[in-house]
Amino acid sequence: MNFNDNIQEDGLYPRATLSDGLGRVHTSLRISVTDRCNIRCFYCMPLENVEFRPREELLTFEEIERFVRVGVLLGIRKVRLTGGEPLVRNNLSKLVEKLAAVPGIEELALTTNGILLAEQAVSLKAAGMQRLNVSLDSLSEATFQRISRRSGLQRILDGIFAARNAGFENIRLNAVAIRGLTEAEIVPLAQFSREHDFELRFIEFMPLDAENRWQAEQVLTCAEIRRVLEQQVCSLVPKPRNDPSQPAVDFTFSDGCGTIGFINPVSEPFCSSCNRLRLTAEGQVRNCLFSTTEWDARDLMRSGGSDDQLRELIRDCVMNKLPAHGVGEADFVKPLRAMYQIGG
Ligand code: SAM
Ligand code: SF4
């Protein structure tokens, strides 16, 4: 039987549950739309001689839409576009329009470095994009350049405010925290977010850099950042955790002004409640950021595979998810791909 035989009277499909061997139900899909980027963050990309995938290897918008339609029938509810830098993919709003029209998606979100946001915020909003995460590690141009090996902080700030003016609410700012580099950014980022009413999240530096320079000592943990904030800004009150699969641990400032979250994949892994699946820009399905195995959805789609076969491929990928990423364990194997090639 084909999926299409299953349409209900209301036009929607009955949903399956995409569960792995440990009962983790997968409802969230991260789609990388490109491996290209307009900056070169050291924790993600190499500085020079980057080998990008040729255009014809990337999934087309039609292939991405097909994958999402099948994923939604399996229980996917949240879709996030990422990259590389998603806004460098030509006509991204066209893809957003297609995905926004897929019945059953409850949240359509984008993670961006913000550099092209001022130009694209209005069209993204009009196309149906609902939520934005903007990466902002630093409010100092010098530190921004040390991290990204490019200039452009002001363009990001302009992009964030342009997005707000375009109607995006609850914009979240994501900051990777790195010992020896971004300690001085903690308080200014918190104050900026409080002043302008943005949600701020600190993310621990993970071993997914292209230059293989990650060291455990560079991980600036949530506990340390909390201490700084409580000493220099305001005490923090834990927020109730409504969604157990949410990776962030959230707090409100006790004076009622602002919220802050921490994503601690290294010091406090959240693998046991992970609900995410990933699709790389060239159509490989991954069950974990740190996975060393991929399932080739592009080959299946381009060789005439059916939606049922695609569904089985996704199921198989999820079923083979390991219990935990193993970072810090003696037998940890760093994936061959770096963050920009996977999609963060
Ligand atoms: N280019 C977009 C951006 O930077 O927001 C989207 C892709 S980027 C890979 C997604 C997120 O991953 C960003 O917030 C980035 O800071 C984060 N990231 C990249 N490499 C990382 C690493 N090694 N450890 C932790 N976070 C990382
Ligand atoms: Fe580009 Fe994002 Fe990677 Fe930075 S983190 S190099 S902005 S893809």
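Order of listing sets the numbers, starting from 1, for every ligand and every atom in it. Atom set for the values below is all heavy atoms of this structure, side chains included, hydrogens, waters and symmetry mates excluded.
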Atom [atom1] of [X] and atom [atom2] of [Y]: how far apart are they, to the nearest 0.5 Å?
{"X": "Asp158", "Y": "Leu117", "atom1": "CG", "atom2": "CG", "answer": "10.5 Å"}
{"X": "Thr34", "Y": "Leu92", "atom1": "OG1", "atom2": "CG", "answer": "10.0 Å"}
{"X": "Tyr43", "Y": "Ile203", "atom1": "OH", "atom2": "CD1", "answer": "8.0 Å"}

Heavy-atom nearest neighbour in the protein, as seen from [atom], with distance rounded to 0.1 Å:
{"atom": "atom 5 (O) of ligand 1", "answer": "Ser135 OG, 2.5 Å"}
{"atom": "atom 20 (N) of ligand 1", "answer": "Tyr43 CD1, 3.2 Å"}
{"atom": "atom 6 (S) of ligand 2", "answer": "Cys41 N, 3.3 Å"}

Membership question, hydrophobic clusters at under 4.5 Å side-chain separation (ILVMFWY): are [Y] and [X] in the same one?
{"X": "Leu59", "Y": "Leu277", "result": "yes"}
{"X": "Phe42", "Y": "Ile39", "result": "no"}
{"X": "Phe144", "Y": "Leu116", "result": "yes"}

Is there a polar contact, in the sense of an N or O pair closer than 3.5 Å, between [X] and ligand 1?
{"X": "Met206", "result": "yes"}
{"X": "Cys44", "result": "no"}
{"X": "Glu85", "result": "yes"}
{"X": "Asp137", "result": "no"}
{"X": "Tyr340", "result": "no"}

Near Ile39, which atoms of ligand 2 are under 4.0 Å from a heavy atom of that residue? 6 (S), 7 (S)
Do any heavy atoms of Gly84 fall under 4.0 Å from ligand 2? yes
Please determine whether any non-hydrogen atom of Met45 lies less than 4.0 Å from an atom of ligand 2. yes
Crowding at NZ, Lys78 (>12 non-hydrogen neighbours, <6.0 Å): no
Glu56 CD: over 12 foreign heavy atoms closer than 6.0 Å: yes
What orientation do Tyr340 and Phe52 show, parallel under 30°, tilted 30 to 60°, or perpendicular over 60°? perpendicular
Check the angle between the aromatic planes of Phe198 and Phe192 and answer parallel, tilted or perpendicular using the 30° and 60° thresholds. parallel
From the options Arg172, Arg226, Arg201, select the one residue that forms a salt bridge (charged side-chain N to carboxylate O under 4.0 Å, His left out) with Asp250. Arg201
Examine Cys44 and say whether one of its N/O/S atoms is closer to atom 3 (Fe) of ligand 2 than 2.8 Å. yes
Going by the 4.0 angstrom heavy-atom rule, the piece of Thr112 near ligand 1 is backbone
Which is closest to [atom] by heavy-atom distance: [options]?
{"atom": "atom 7 (S) of ligand 2", "options": "Leu208, Val176, Asn113", "value": "Asn113"}
{"atom": "atom 19 (C) of ligand 1", "options": "Gln341, Arg30, Met339", "value": "Met339"}
{"atom": "atom 25 (C) of ligand 1", "options": "Gln218, Glu204, Arg201", "value": "Glu204"}

Any idea which atoms of ligand 1 are less than 4.0 Å away from a heavy-atom of [X]?
{"X": "Thr82", "result": "6 (C), 7 (C)"}
{"X": "Gly83", "result": "7 (C), 9 (C)"}
{"X": "Val176", "result": "16 (O), 26 (N), 27 (C)"}
{"X": "Gly84", "result": "1 (N), 2 (C), 6 (C), 7 (C)"}

Looking at side-chain heavy atoms only, is the closest gap between Leu47 and Glu211 below 4.5 Å? yes
Does the structure place the NZ or CZ of Arg194 under 6.0 Å from the centre of the six-membered ring of Phe253, at an angle of no more than 45° from the ring's axis? yes
Does any N, O or S atom of Cys37, backbone or side chain, fall under 2.8 Å from atom 1 (Fe) of ligand 2? yes
